[in-house]
There are 2 protein chains.
Amino acid sequence: MVRARRPTIVDIAKAAGVSTGAVSYALNGRPGVSAPTRARILAIAAEMGWAPSTAARALSEGRVGAIGLIVDRPAQVLGVEPFFMQLISGVQSELALSGTALLFQVCEDIETEIATYRRWSAERRVDGVLLLDLRVDDVRVSAVTELGLPAIVVGGPEGAGGLACLYSDDGAAMREVVQYLRALGHRRIVRVAGPAEFAHTASRSAAFVAAAEEFGVETAEIVHTDYTGEGGTTATRRLLAARERPTALVYDNDLMAVAGLGVAQEMGVAVPADLSVVAWDDSVLCRLVRPALTAVGRDVAEHGRRAARMIIEAVAGRRVADQATPAAEFVPRGSTGPLARTRGVTEG
Amino acid sequence: MVRARRPTIVDIAKAAGVSTGAVSYALNGRPGVSAPTRARILAIAAEMGWAPSTAARALSEGRVGAIGLIVDRPAQVLGVEPFFMQLISGVQSELALSGTALLFQVCEDIETEIATYRRWSAERRVDGVLLLDLRVDDVRVSAVTELGLPAIVVGGPEGAGGLACLYSDDGAAMREVVQYLRALGHRRIVRVAGPAEFAHTASRSAAFVAAAEEFGVETAEIVHTDYTGEGGTTATRRLLAARERPTALVYDNDLMAVAGLGVAQEMGVAVPADLSVVAWDDSVLCRLVRPALTAVGRDVAEHGRRAARMIIEAVAGRRVADQATPAAEFVPRGSTGPLARTRGVTEG
DNA sequence: GACGTGTACTTAATCGCTTAACTGAGCGGA
DNA sequence: TCCGCTCAGTTAAGCGATTAAGTACACGTC
């Protein structure tokens, strides 16, 4: 299979009887060629099926028209957690509008991630990157800053150490969830959170604690897991086996919530009669299980599109301000309900 | 944020007091420089943190070191179906070994997909592509062949119209599933398949029909859906509402199986007492719901890694033979069991 | 001492495109 | 008639690599 020789501006120039410079001006909509000549060149280019060579353009313009996205979660989780794919879809769809490519990489740890940024920067593979899952004092921020690699923090809380940030205001939604659960009679609520080192985990936790205080929730505990189904299973089993078990669980992602639901079923804890379950990211998954999961949903794809727009701006050298994604929406479904009866310590 | 000027071979040449040609020979391990000079050049390059500019290399070598992957399923499905992310993780991890980048794109339809291949080819963005979800008489095959774009068909059945193909032999697993269900006493089995136009759907369906005949399954029906949760829900609802409802359902992906499980629960059909459920792709999801889903699992990430190796070979210009992925493994869990009692037409 | 043969380089063309600088024609005004 | 200006191009350098072809020197050989 011999790869066909694709037309270059030289071919167009020859066909049009002008210089390559003129062709370049015409194709890029710059002044310097007359209207008829421009039209002729454009027609020839279209007919030949010409498209600019990214390599050549990258070399002379210094920009490659690609941005990078690295996810570092185990493949297991990645596959099953809707959030990432939806985010990527969103990012990708927006990038496609400007012909920007998306380089995607899965890493195992943050060191490899940083090494990849270095390599990408050194090889000039990408014009900028999107950082996910910002950690408290995240080393990646200084790494990309040092490299001079334009970057946007996606989903972190505000003020990402000098980098522009797309944050989602989870505070209001968290407040709504806690208020709702409290109104249903719940007094022992546990938040099954993601890893403590993630900045957005911390910010949601803070909102949770504040809301619990505001609405007079007696016990408002937080346990940390790793976002995996197993993590959710283990945590839930432990929580439900406790003497004073919680009556409501607020999970940090849909996957863990589904896992929790399974554990409750397995332990004979009725949902929602004995236990209310709330999932943070809403997704098809939440609607498929029974009872359907009450969830806090946000438009993840839109989140991704915004992030894409921000990084495009940043790459273009324009200042980008922090931006908030539309507030998350609380969607009550069958997994939450009024507490059936007041329960004492343990029942037989 | 001024992007740091990254070192080029000119910088290295100056520092080493040699020409850029010598530097190039040294860095690429070619003869033409003495051992001491080579060592000196390598040391300087390492110290400067030099990495070859992909753009420059692409321009002079004609290869960009990137391969493309397009998925055309709605974002909704993508997010929630573990298969894709796991596949991509696998592909990506293998590509990373050779420093090859992965361009990832989500499309809405096959026309856009083909247009993207054209653009990628014209812009020389990728050296090759992986084709997913081969259709019967797939137009993409001729499209990439015409473009002279190296491509590998992932997961199609053998003989993908001239393109090398990585196929998974689903026949044996399907036979095992049907035999197992038949042994449990099931006589009315329905396969809830993906879209009929996918080649792998057709091949699995053929295996299903053959196995049903071999083991004397009375009713072996096939219904087609779109792989979405909603598709699974609707199909299942219709099937379970029928006068002679099936006693076992074999779903083409985990998502639909979970959806089916939900519908059964909602309609008061006990799983596995009244209905056995089998999912095709095994994933965390299958283990999280209750009862856990009996599933046919394969190592999707390994599938991806193989695909990556194949496309790298193809890009290098070597002939690539069709290859089979290790056979799928059948994992019985709680969602399948012996038929509780022989049921007549409809019961109250 | 002339000649061939390696070795260790250098030189310069090349990939495809952008763009600053230059050229030459046409035109208006003094 | 000459000057300056604008327009519509052309020319050529540059982006950062690779690589064929050339060069200079050392060495061995007859």
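Order of the sequence lines sets the chain letters (A, B, ...), proteins ahead of strands, with each chain counted from 1. This one's a predicted model, so the numbers in the text were calculated from it and none came from an experiment.
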Legend entry - Phosphate contact (C:dT18 OP1 or OP2) by A:Ser24 side-chain N/O below 4.0 Å: yes

Inset, instruction - Determine the contact category for B:Val10: base if any of its heavy atoms lies under 4.0 Å from a base atom, sugar-phosphate if only primed atoms, P, OP1 or OP2 are that close, otherwise nothing. - result: nothing

Legend entry - Interatomic distance where CD1 belongs to B:Ile9 and P belongs to D:dT19 [whole Å]: 11 Å

Legend entry - Length of the CG-P vector between A:Leu59 and C:dT18, whole Å: 12 Å

Legend entry - side-chain N/O B:Arg30 vs D:dT19 OP1/OP2, d < 4.0 Å: yes

Inset, instruction - Would you kindly give the CZ-to-C1' distance between B:Arg63 and C:dT14, to the nearest whole Å? - result: 18 Å

Legend entry - Residue closer to the 5' end of DNA chain C, B:Glu61 versus B:Ser19 (nearest nucleotide): B:Ser19

Inset, instruction - Give the rounded distance in Å between these two atoms: CD1 of B:Ile12 and P of D:dG16. - result: 12 Å

Legend entry - Passing candidate, side chain to side chain contact (heavy atoms under 4.5 Å, CB included) with B:Leu69, options B:Leu95, B:Leu132, B:Leu103: B:Leu132

Inset, instruction - Specify the residue among B:Ala22 and B:Ala56 whose closest nucleotide of DNA chain D lies further upstream toward the 5′ end. - result: B:Ala56

Inset, instruction - Check every strand shown and say whether A:Ser53 touches a base, only sugar-phosphate, or nothing at a heavy-atom separation below 4.0 Å. - result: sugar-phosphate

Legend entry - Value in whole Å for how far the P atom of D:dT18 lies from CG of B:Asn28: 4 Å

Inset, instruction - Count the heavy atoms of every other residue, nucleotide or ligand shown that sit under 6.0 Å from CG of B:Asp137, and state whether that count exceeds 12. - result: no

Inset, instruction - Mind calculating the distance between CE (B:Met48) and C1' (D:dG16) to the nearest angstrom? - result: 15 Å

Inset, instruction - For C:dT18, take OP1 and OP2 only and decide whether either is under 4.0 Å from a side-chain N or O of A:Arg57. - result: yes

Legend entry - Under 4.0 angstrom between A:Trp50 side-chain N/O and C:dC17 OP1 or OP2: yes

Inset, instruction - Rounded to the nearest angstrom, tell me the gap between atom CD in B:Glu123 and atom P in C:dC17. - result: 11 Å

Legend entry - D:dG16 phosphate, OP1 or OP2, under 4.0 Å from B:Thr8 side-chain N/O: no

Inset, instruction - Specify the separation, in whole Å, of atom NZ of B:Lys14 and atom P of C:dT10. - result: 14 Å

Inset, instruction - Quick one: label A:Val23 by what it contacts on the DNA or RNA (base, sugar-phosphate, nothing), any heavy atom closer than 4.0 Å. - result: nothing

Legend entry - Salt-bridge contact B:Arg309-B:Glu302 (side-chain N to carboxylate O under 4.0 Å): yes

Inset, instruction - Could you check which of C:dC9, C:dA12, D:dT11 has an atom nearest any side-chain atom of B:Ser34? - result: C:dC9

Inset, instruction - Kindly give the heavy-atom pair with the smallest separation between A:Leu27 and A:Ala45, and that separation in Å. - result: CD2-CB, 3.7 Å

Legend entry - Any side-chain heavy-atom pair of B:Ile41 and B:Tyr25 under 4.5 Å: no

Legend entry - Nearest-neighbour nucleotide for the B:Ser60 side chain, D:dA17, C:dG16, C:dT18 considered: D:dA17

Inset, instruction - Look at the side chain of A:Tyr25 and the base of C:dA20, then say whether one donor and one acceptor between them are separated by less than 3.5 Å. - result: yes

Inset, instruction - Can you spot which of B:Ile311, B:Leu147, B:Val144 makes a side chain to side chain contact (heavy atoms under 4.5 Å, CB included) with B:Val129? - result: B:Val144

